There are 2 protein chains.
Amino acid sequence: MRLLLVEDTFDMAEAIMIRLDRSGIACDLAKTLEEARSLLDVQRYDVIVLDLNLPDGLGTDLLKELRQKSDRTPVLVLTAEFSVDDRVSTLNSGADDYLVKPFDYRELEARIQALYRREQGDKAEELAIGDLTFNATARVVRLKEAQVNLTRREFSLLELFIRNRGKVLSKERLFEGIFSFQDTDVSMNALELYVARLRKKLSGSSVVIETQRGLGYKLEVHD
Amino acid sequence: MRLLLVEDTFDMAEAIMIRLDRSGIACDLAKTLEEARSLLDVQRYDVIVLDLNLPDGLGTDLLKELRQKSDRTPVLVLTAEFSVDDRVSTLNSGADDYLVKPFDYRELEARIQALYRREQGDKAEELAIGDLTFNATARVVRLKEAQVNLTRREFSLLELFIRNRGKVLSKERLFEGIFSFQDTDVSMNALELYVARLRKKLSGSSVVIETQRGLGYKLEVHD
DNA sequence: CAAACCCTGTCACCAACCTGTCACCGGCTG
DNA sequence: CAGCCGGTGACAGGTTGGTGACAGGGTTTG
């Protein structure tokens, strides 16, 4: 795990870093918002631990910038004191969790791990194929950022192709994949039609459904 | 929240269910261990409230079975009398909390809520989603400062959506979340109606419930 | 205790959109 | 070049979801 710690108090930062290092968490330190920004420009982090009070501004400002850029990196906010209002505004800025100083380092680590796990769990569901992003849980397909709206059948079909990318899939196999066995009266032409519709919706993508005459179809990634 | 109550005394069970229902907790009732087992086979619960003395055995037996299967659902044990030995053996069986009859229903509810909160790992009890603030404990929802008045069912529904934001939730899943299984005669249209009502109350928010035809609904945050 | 109010869930009807057939076309293959 | 396989536009149901109106039941208030 790669972590960015934004904290200006040296003792605090050192104590945290030693502890995290011991747990095998690679930890970069930024003492100001400025430093944090330059690090974030060149490096992706799995988790950010952000102190609220920094010499050159508020942690929440950085947080808002990130979310503005739709960077969803999990952020844990550290703060000295915390009124109910602070709490609300911090969470509103897009923080995922917060911890009030002084805190127990074990708790900090536990929460960092929790955020990391959540993040990884979400990501596992995202498949990237060429310039396509496929998320089975959210049932979302994106083509270069833009969302592609697929119907149920189209989605099932694409899912089949993606899970077997590179393999030739027979029409029968595909048919069984998207129609239930009750649909005995549906013609094979329906499948061809769905392939056509999918192709149209995915046109402009590096992902292409190739026809294998007499055999079936195959999903290929071109460049 | 979805709760399983295992209790054979009818009066007691009814009193508890009415109370919990009023707080928006979808509550299933099992009068025997047998019934409880079949319900647990088909349904996940957030909390289980378990009477110790049941016609077909001891509540602790069920509890041990669960823990054996490494099911960590929080369990609150209800019992008529309680020696120190009982207490120890109950907790050893894997109970998370217990309550001695007669008890105050408010206390029961508070403890159930506490177990639920702990389970959800929700130390930050205020959830911020887009321009919405959601407080499960206080049962308050705010849209850009202004309070949104939601009914019991509307609140349960929103809670489900928020705890699974981004994921597609099937109508069945949502239905089970807001109705108890005794409500077999309620039509699926009721759920659609609640979605419509929620949408109306949340109109103008960045949080939107999207329809996934044939699949269910999904909560999305737009900008 | 009645009146007013609100929450619930049903019904009916409408709108949107998904679906699969048909028909016809075009290109491969032998 | 004939035959076949696959591609695709148009269209007609059919399914699914949305929503206004309403009735029943419960709760609050005067």
Side-chain angles (χ1 to χ4, degrees), chain A residues 139 141 147-158 161 168-203 208-219, chain B residues 14-15 17-27 139 141 147-158 161 168-203 208-220:
Chain A
R139 297 201 84 85
V141 176
Q147 186 166 329
V148 183
N149 283 317
L150 298 182
T151 73
R152 196 164 28 132
R153 296 255 139 110
E154 289 162 357
F155 195 91
S156 309
L157 185 57
L158 179 58
F161 274 126
V168 176
L169 296 171
S170 72
K171 290 192 173 187
E172 290 69 26
R173 170 80 195 286
L174 292 168
F175 190 94
E176 283 169 6
I178 68 171
F179 296 100
S180 94
F181 67 100
Q182 279 112 330
D183 299 329
T184 43
D185 47 348
V186 178
S187 81
M188 193 53 86
N189 183 226
L191 173 63
E192 285 154 11
L193 185 55
Y194 278 111
V195 170
R197 296 213 250 246
L198 241 190
R199 278 176 173 156
K200 189 179 282 179
K201 291 195 179 177
L202 298 185
S203 68
V208 171
I209 301 169
E210 289 181 355
T211 304
Q212 306 288 113
R213 269 192 163 246
L215 294 171
Y217 299 93
K218 184 173 67 159
L219 192 80
Chain B
E14 197 182 26
M17 288 181 75
I18 289 174
R19 173 134 210 131
L20 295 182
D21 185 58
R22 217 175 281 161
S23 304
I25 301 176
C27 191
R139 300 195 78 77
V141 175
Q147 185 165 331
V148 183
N149 284 317
L150 297 182
T151 71
R152 205 167 19 135
R153 298 253 135 114
E154 289 163 356
F155 194 90
S156 304
L157 185 57
L158 180 58
F161 273 126
V168 175
L169 298 171
S170 72
K171 291 192 172 189
E172 290 69 25
R173 168 84 193 284
L174 293 167
F175 190 95
E176 284 170 0
I178 68 172
F179 297 100
S180 91
F181 87 112
Q182 276 98 345
D183 297 329
T184 42
D185 46 347
V186 178
S187 82
M188 194 52 89
N189 185 225
L191 173 64
E192 285 154 11
L193 187 56
Y194 278 110
V195 170
R197 287 180 179 147
L198 242 191
R199 277 177 174 156
K200 193 177 282 179
K201 291 196 180 177
L202 298 185
S203 68
V208 171
I209 301 169
E210 288 181 357
T211 303
Q212 305 286 116
R213 270 197 162 242
L215 294 170
Y217 298 94
K218 183 173 66 160
L219 192 81
E220 279 277 294

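All values derive from a computational prediction rather than experimental measurement. Chain letters run A, B, ... following the sequence lines, proteins first and then strands; every chain starts at 1.
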d([atom1], [X]; [atom2], [N]) in whole Å:
X: B:E192; N: C:dT8; atom1: CD; atom2: C1'; answer: 15 Å
X: B:E154; N: C:dC7; atom1: CD; atom2: C1'; answer: 9 Å
X: A:F155; N: C:dC18; atom1: CZ; atom2: P; answer: 14 Å
X: A:L191; N: C:dT19; atom1: CG; atom2: C1'; answer: 14 Å
X: A:I178; N: C:dC18; atom1: CD1; atom2: P; answer: 15 Å
X: A:K201; N: C:dT19; atom1: NZ; atom2: C1'; answer: 12 Å
X: B:K171; N: C:dG9; atom1: NZ; atom2: P; answer: 16 Å

Treating [X] as the side-chain partner and [Y] as the backbone partner, does any N or O pair qualify as donor plus acceptor under 3.5 Å?
X: A:R153; Y: A:I178; value: yes
X: B:S156; Y: B:G24; value: yes
X: B:R199; Y: B:I209; value: yes

Does [N] have OP1 or OP2 sitting under 4.0 Å from an N or O in the side chain of [X]?
X: A:R197; N: C:dT19; value: no
X: A:R153; N: C:dG20; value: yes
X: B:S187; N: C:dT10; value: yes
X: B:T151; N: C:dC6; value: no

- Query: Should B:K201 and B:E154 be marked as a salt bridge (Lys or Arg N to Asp or Glu O under 4.0 Å) after you check the CA-CA gap, both sets of side-chain angles, and the distance that decides it?
  - Reply: CA-CA 10 Å; B:K201 291 196 180 177; B:E154 289 163 356; 2.8 Å; yes
- Message: Do B:L191 and B:V186 make a side-chain contact, defined as non-hydrogen atoms from C-beta onward lying under 4.5 Å apart?
- Response: no
- Message: Quick check: do A:F155 and B:Q212 have side-chain heavy atoms less than 4.5 Å from each other?
- Response: no
- Looking at every strand, decide which applies to A:D185 at a 4.0 Å heavy-atom threshold: base, sugar-phosphate, or nothing. sugar-phosphate
- Query: Starting at the 5' end of DNA chain D and moving along, which residue's nearest nucleotide shows up first, A:K200 or A:Q212?
  - Reply: A:Q212
- If you find the nucleotide of DNA chain D closest to B:L193 and the one closest to A:R199, which residue's nucleotide is nearer the 5' end? A:R199
- Message: Run A:L219 and A:L169 through side chain to side chain contact (heavy atoms under 4.5 Å, CB included) and show every step you take.
- Response: CA-CA 9 Å; A:L219 192 80; A:L169 296 171; over 6 Å; no
- For A:N189 and for A:R213, find the nucleotide of DNA chain C with the closest heavy atom, then tell me which residue's nucleotide is more 5'. A:N189
- Task: Grab the two heavy atoms, one from B:F179 and one from B:A190, that are nearest each other, plus how far apart they are.
- Result: CZ-CB, 4.1 Å
- Minimum heavy-atom distance between B:L174 and B:F161, given as atom pair plus value: CD1-CZ, 3.8 Å
- Decide side chain to side chain contact (heavy atoms under 4.5 Å, CB included) for A:Y217 and A:E192; before the verdict, give the C-alpha distance in whole Å, the side-chain angles of both, and the deciding distance to 0.1 Å. CA-CA 10 Å; A:Y217 299 93; A:E192 285 154 11; 3.5 Å; yes
- Note on the structure: In the 5' to 3' direction, the nucleotides of DNA chain D bounding the stretch that comes under 4.0 Å of a heavy atom in chain A are D:dC5 to D:dG9
- Computed from five pairs at either end and rounded to 10 degrees, the angle between the axes of the helix from C:dC1-D:dG30 to C:dG30-D:dC1 is 20°
